[in-house]
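Accompanying notes for the structure given below.
Just so it is clear: chains get the letters A, B, ... in the order the sequence lines come, proteins before strands, and each one is counted from 1. Please read these numbers as outputs of a predicted model, since none were measured by experiment. Heavy-atom basis, side chains included; hydrogens, waters and symmetry copies ignored.
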There are 2 protein chains.
Amino acid sequence: MSSSKKQPTDSSKDKPNQSPVSMADLARELGVSTTTISRALSDHFSIGPAMKQKVLKLAKKYNYQPNHMASALRKGKSKLLGVIVPYIEGRFFAKVVHGIETAATKAGYNVIICQSNEDVANERRNLESLLSAQVAGVMVSLSRTTHEFHHFDKLRDRGVPLVFFDRVIEGNNVNAVLLDDREGGYLATRHLLTQGCQRIAHLAGPQHLNIYRNRLQGYFDALREAGQPADERLVRYTDMTQAQSAEATRALLALESPPDAVFAAGDYSALGAMQEARRQGLCVPTDMAIAGFSNEAFTVVAEPTITTVDQHCEEMGQATVRLLLELIGVGSNAFIPRQLSLRPELLVRDSSLREVDETQPLATAAAQP
Amino acid sequence: MSSSKKQPTDSSKDKPNQSPVSMADLARELGVSTTTISRALSDHFSIGPAMKQKVLKLAKKYNYQPNHMASALRKGKSKLLGVIVPYIEGRFFAKVVHGIETAATKAGYNVIICQSNEDVANERRNLESLLSAQVAGVMVSLSRTTHEFHHFDKLRDRGVPLVFFDRVIEGNNVNAVLLDDREGGYLATRHLLTQGCQRIAHLAGPQHLNIYRNRLQGYFDALREAGQPADERLVRYTDMTQAQSAEATRALLALESPPDAVFAAGDYSALGAMQEARRQGLCVPTDMAIAGFSNEAFTVVAEPTITTVDQHCEEMGQATVRLLLELIGVGSNAFIPRQLSLRPELLVRDSSLREVDETQPLATAAAQP
DNA sequence: TTGTATGCGTTATCAA
DNA sequence: TTGATAACGCATACAA
């Protein structure tokens, strides 16, 4: 399986399969100085085109790979970027990190990933770790237990640019990439309205987190736009778990005029609502339309599939890298903190789609109990 | 919010809040050589205890952070580890990576993560990237499209240790950390047997992948041990998707003597089987018990919750790091390739648990349609 | 256009 | 036990 066609040529063509080739090696072979090599490889202006070609050719022949550490040591700027996320398991951060890695790689950077595990103490340790690795910049999504931000000062002191994403120090002058959660809540609610829903309930999340506040705001905005009065009894505050959301839904259904739709600020919450509704014999979406938030993996696995809001996670990662590289470029002296806001996308699925009932009545509904 | 109790002391106690403190700075302050500083900090044997204390104290006062790049450049060994995974989204690799990161951090290493996106071309690029970042070692889980392994030779040439995990070059002399998939298949099948299942079917995965071959083997082993003849009609080969698995299940249920249990080699496959069974009016687990593999997140969200096999992903990550650090320690000259095999764990959930029926007949079954 | 010299921060070698 | 020196690989100010 392994000894096929590539073995015999091993010693015939190139034998420089050894330890790393340095600029000095190339210089010696060409009888020039390392300065010339350096200039040719970094496309310096004061280099002869002929010489440049010679160097490049030789570099390719020997498969020269620049030593990032040496370069970084000399320049004071490495080709490493640091990321701190609360955790990597779960869809959201995994996808954001993927976006980060893609964008960073394209720009010739490597990415060091740290997880705070939602613990500010780890966050501090991660920062130290990244600093001693001499990263050129840092991207952070705050741990849930971070209420004090002095550990980030050290970055500024050392001139290492910092960009937050998703979870951000609020009201401060920081660089950040965010999702427009209000827009997401607005889109989901408006969709339910266009499906003909008359009484739309909202399962809201903890209001000390801006994302949930904004999703609630979007819900209100959509209702107002449609001229529907907001009924406070239709808004329930939960911790976004499946269990609490099911409970809240039970309470909603016990109202004298129960809702005919639920917009949940999270997918697990939407799932809890859906399970409770079906448990009570209601048909989703006919009797009760449902929309969630986050596009978790299970939303396409559930029955029926769940309408949700996608956060364009990868795009967030890429935008974060773009902003960070910009700051690295300018030297981070020009302190004009910027906030980018990304638009979410509504994904309409079966849990909210009533239109089908009109075109082809009870087509799929008949197949299910 | 930010200007509280830490501001006034800023200039009183320590003002070294500046650019990175180097050994030279400490040396100057103490009137000794950098050599002495280096020795004190690295706990060299030829250092006076008094001097050592003085240095350590000063280092703490100035919050000295070693420059990993300089150290790496000098020693030829960095504090960076490289990881290449097919992708990071999805539960398995995310958890393995978490385990890797935890173990690496504990040992004072940072981790650079690369994703091949199941493309061998990316895998090659990732390797180059890691090499130029001067990583001290590399951990790889092969891309699905990797059938040729010469790009890994370069690591050996440069003396950079390599450890595979989960997806491995087979039959070769490599260091690897694996899961005992046979054991997993065995445990799941045996569990179904103890639940009283008489005819257990198996939804098998692509047999060119060792993991699926081994799970199938475990299935056979359990049956043989129980004295049940293996019925070839009960083994169906699918691509492990929900759709194909549902189809295969339909075929199984159409047999003259249909199965009363299904062990699927993957959770999505198990889900497809479960959905098909219920669609045909069967009750899970009473009429048809089901077990999957991988402990995907949705297995606890599905109704009923799905019995599955957990792969101890984090442990795999930690074991991989441990093995790698060992190789880095010995210099990777001692070429005694080792294969570690981890034991999986069976997680029994509702989709296979028939015991409840005997103790409290149709307790929960009544609540559901 | 090319070369010389120097230093980034750390550590190994040798000498004191 | 401590210090002086050189070197890791690269990039820049300066000289030629």
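Sorted by first and then second residue, the pairs that involve residues 124-135 of chain A and meet salt bridge (charged side-chain N to carboxylate O under 4.0 Å, His left out), not counting sequence neighbours, are Arg124(A)-Glu148(A), Glu128(A)-Lys154(A). The side-chain hydrogen bond (donor to acceptor under 3.5 Å, both in side chains) pairs that include a residue from residues 49-60 of chain B are Asp43(B)-Lys52(B), where partners are two or more places apart or lie in different chains. For residues 22-45 of chain A, there are no ring pair (Phe, Tyr, Trp, His ring centres under 6.0 Å) pairs, not counting sequence neighbours.
Scanning DNA chain C 5' to 3' for nucleotides with an atom closer than 4.0 angstrom to a non-hydrogen atom of chain A gives a first and last hit of dT1(C) to dG9(C).
For Arg74(A), the side-chain contact (heavy atoms from CB on, under 4.5 Å) criterion is met by no residue, not counting sequence neighbours. Here Arg338(A) pairs with Glu326(A) under the salt bridge (Lys or Arg N to Asp or Glu O under 4.0 Å) rule; sequence neighbours left out. Scanning for side-chain contact (heavy atoms from CB on, under 4.5 Å) contacts around Thr146(A) gives Val120(A), Glu123(A), Leu142(A), Ser143(A), Phe149(A), His151(A), with sequence neighbours left out. For Asp153(A), the salt bridge (Lys or Arg N to Asp or Glu O under 4.0 Å) criterion is met by Arg156(A), not counting sequence neighbours. With sequence neighbours excluded, the residues that form a side chain to side chain donor-acceptor pair (under 3.5 Å) with Ser33(B) are Thr36(B).
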>> Protein within reach of the bases, or only the backbone? For nucleotides 6-16 of chain D, mark each nucleotide 5' to 3' as B, S or -, using heavy atoms under 4.0 Å.
In response: BBBBBBB----
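Each end of the helix from dT1(C)-dA16(D) to dA16(C)-dT1(D) gets its own rotation axis from five pairs of C1' atoms, and the angle between them is 40° to the nearest 10 degrees.
Residue contacts shown for Thr36(A) are limited to sugar-phosphate atoms, with no base heavy atom under 4.0 Å away. Among the atoms of the strands shown, only primed sugar atoms or phosphate atoms (P, OP1, OP2) are found under 4.0 Å from some heavy atom of Ile47(B).
Counted by atom type alone, His68(B) and Asn110(B) present zero donor-acceptor pairs between their side chains at under 3.5 Å.
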Under 3.5 Å, which donor-acceptor pairs do the side chains of residues 130-141 of chain B form with other protein atoms, sequence neighbours left out?
unit_1    : atom_1 : unit_2    : atom_2 : d
Ser132(B) : OG     : Ser129(B) : O      : 3.1
Ser141(B) : OG     : Phe165(B) : O      : 2.9
Ser141(B) : OG     : Arg167(B) : N      : 3.4

